[in-house]
Amino acid sequence: MNHDQVLDEFRAAGALLEGHFILSSGLHSPVFFQKNAVFMDPDRTERLCRALAEKAQAAFGKIDVVVSPAVGAIIPGYETARHLKARAMFVEREGGVFQLRRGFEIKAGERVLMVEDVVTTGLSSRECLDSIRGHAGELVGAACLIDRSGGKADIGAKLVSLASVSAPAYPADKLPPELAALPAIKPGSRGLAA
Ligand SMILES: O=P(O)(O)OC[C@H]1O[C@H](OP(=O)(O)OP(=O)(O)O)[C@H](O)[C@@H]1O
Ligand SMILES: O=C(O)c1cc(=O)[nH]c(=O)[nH]1
Ligand SMILES: [Mg+2]
């Protein structure tokens, strides 16, 4: 699946939103990839994650375990793992820090791939990778559906993406006037009260 086909899947799902969004990192953006509009369609999710699994396998070889950061990456992590014939686990925030819970266990020698839905600054990816590094197993790399940093985010591991896009994102005190004029919404889960 090429770059345009990936973006066409998001467009067809109504997942390419325009407005004023506060991202997980606190940056503000006029565009948002609402991945859940994609993931509610199992066939569309299968097409994208099969392509991501093929790309990850070509880059990293055999993968035994996929670990994804909750909430957004649970579904693509599971579906990508299905195509890789790997086990699927997720980390979730406990006291703000990503942890493997629910009996998830990585065994010594297992080859681990981190799967993220969307990468912006790479902060969530780095936090997820830090958590994985605290366990047994060999971290082989990372994969995401959309890298909206256009390849600029440094996650401290090799990252393959299905589509790389340079999407604008601004600190809160540097908003262009046309963006500042719009009401802001924060779609993600970081910082939500329990
Ligand atoms: O590269 P970053 O700057 O970290 O931004 C990308 C992250 O933001 C979103 O998660 P979010 O924390 O909004 O919650 P969600 O997974 O529940 O959507 C997305 O799922 C990535 O995990
Ligand atoms: O940076 C984010 O929080 C983010 C951006 C985006 O386009 N989609 C998403 O789910 N999260
Ligand atoms: Mg997330």
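Just so it is clear, the structure is predicted and the values come from calculations on it, not from any experiment. Just so you know, residue 1 is the first one in the sequence shown, and it goes up from there.
In terms of modelled atom types and a separation under 3.5 Å, the side chain of His20 and the main chain of Leu182 share a donor-acceptor contact. Arg44 contributes no side-chain N or O that, together with a main-chain N or O of Ala37, makes up a donor-acceptor pair within less than 3.5 Å. The main-chain N or O of Ala81 is never found under 3.5 Å from a side-chain atom of Arg87 such that the two would form a donor-acceptor pair. Arg126 places a side-chain N or O within donor-acceptor distance of the main-chain N or O of Asp154, the cut-off being under 3.5 Å. Panel note: side chain His135, backbone Glu105; no donor-acceptor pair is recorded below 3.5 Å. At distances below 3.5 Å, not a single donor-acceptor pair connects side-chain atoms of Arg93 with backbone N or O atoms of Ser189. Distance alone, capped at 3.5 Å, places no donor-acceptor pair between the Gln99 side chain and the Arg101 backbone. Side-chain atoms of Gln57 do not come within 3.5 Å of backbone N or O of Glu54 as any donor-acceptor pair. Remark: side-chain polar atoms of Asp147 are not paired, donor with acceptor, to backbone N or O of Ser161 under 3.5 angstrom.
Between Glu116 and Pro69, the closest side-chain pair of non-hydrogen atoms falls below 4.5 Å. Residues Asp130 and Glu127 form no side-chain contact, since every pair of their non-hydrogen atoms from C-beta on lies 4.5 Å or further apart. Here the side chains of Val65 and Leu113 are not in contact, with every heavy-atom distance at 4.5 Å or above. You'll find the side chain of Val31 reaches within 4.5 Å of the side chain of Arg148, heavy atoms only. The closest side-chain heavy-atom distance from His3 to Val165 is below 4.5 Å. Contact annotation: the side chain of Val140 approaches that of Glu138 to within less than 4.5 Å [non-hydrogen atoms, C-beta and beyond]. For the pair Pro76 and Leu145, the minimum side-chain heavy-atom distance is below 4.5 Å. Residues Leu139 and Leu129 have side chains in contact (heavy-atom distance under 4.5 Å, counting atoms from C-beta outward).
Following chains of ILVMFWY side-chain contacts shorter than 4.5 Å, one can reach Ile63 starting from Leu48, so the two form part of one hydrophobic cluster. The hydrophobic clustering, which links ILVMFWY residues whose side-chain heavy atoms are closer than 4.5 Å, places Leu52 and Phe39 together. Hydrophobic clustering (side-chain heavy atoms under 4.5 Å, transitive across Ile, Leu, Val, Met, Phe, Trp, Tyr) groups Met1 together with Leu16. At a threshold of 4.5 Å between side-chain heavy atoms, the hydrophobic network of Ile, Leu, Val, Met, Phe, Trp and Tyr places Leu17 and Leu7 in two separate groups. Linking ILVMFWY residues whenever their side-chain heavy atoms come closer than 4.5 Å, directly or via other members, leaves Leu100 and Ile75 in distinct clusters.
Minimum interatomic distance between Phe98 and Ser131 (heavy atoms only, all atoms of both residues): O-OG, 3.1 Å. Smallest separation of non-hydrogen atoms from Ala56 and Val160: CA-CG2, 4.3 Å. Shortest non-hydrogen contact noted between Val91 and Cys128 is CG2-SG, 3.7 Å. For the pair Val66 and Gly77, the tightest heavy-atom approach, listed with the atom from each and the gap, is CG1-O, 3.6 Å. Closest approach of Gly151 and Ser164 over heavy atoms only: N-OG, 3.5 Å. Contact detail for Ala53 and His83: the closest heavy-atom pair is CB-CB, 3.6 Å.
Atom CG in Leu84 sits 11.5 Å away from atom CZ in Arg111 (nearest 0.5 Å). One finds the CD1 atom of Ile155 at 9.5 Å from the OG atom of Ser149 (value rounded to the nearest 0.5 Å). Note that CE of Met40 is 9.0 Å distant from CG of Asn36, once rounded to the nearest 0.5 Å. The structure places NE2 of His28 at 10.5 Å from NZ of Lys186, a figure rounded to the nearest 0.5 Å. A distance of 9.5 Å separates CG in Leu162 from CD in Gln5, rounded to the nearest 0.5 Å. Taken to the nearest 0.5 Å, the CG atom of Asp43 stands 10.0 Å off from the CD atom of Glu9.
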Item to check | Test side chain to side chain contact (heavy atoms under 4.5 Å, CB included) applied to Ser68 and Met114, step by step | outcome: CA-CA 6 Å; Ser68 311; Met114 196 277 286; over 6 Å; no

Item to check | Test log, rule side chain to side chain contact (heavy atoms under 4.5 Å, CB included), inputs Phe21 and Ile185 | outcome: CA-CA 5 Å; Phe21 304 96; Ile185 60 166; 3.7 Å; yes

Item to check | Test side chain to side chain contact (heavy atoms under 4.5 Å, CB included) applied to Val67 and Ile106, step by step | outcome: CA-CA 10 Å; Val67 178; Ile106 306 170; 4.1 Å; yes

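By the neighbour-count criterion of 12 heavy atoms within 6.0 Å, atom CD of Glu18 is sparsely surrounded, having that number or fewer from other residues, nucleotides or ligands. For OH of Tyr78, the number of neighbouring non-hydrogen atoms (other residues, nucleotides, ligands) closer than 6.0 Å is 12 at most.
Of the charged side-chain nitrogens involved, at least one lies within less than 4.0 Å of a carboxylate oxygen, so that Asp117 and Lys35 count as a salt-bridged pair. Note on Glu79 versus Arg50: no salt bridge recorded, every NZ/NE/NH1/NH2 to OD/OE distance being 4.0 Å or above.
For the pairing with Ser29, the side-chain contact (heavy atoms from CB on, under 4.5 Å) check across Thr120, Leu23, Leu179 returns one residue only, Leu23.
Proximity of the aromatic rings of Phe104 and Phe90 is defined here by a centroid distance below 6.0 angstrom, and this criterion is met.
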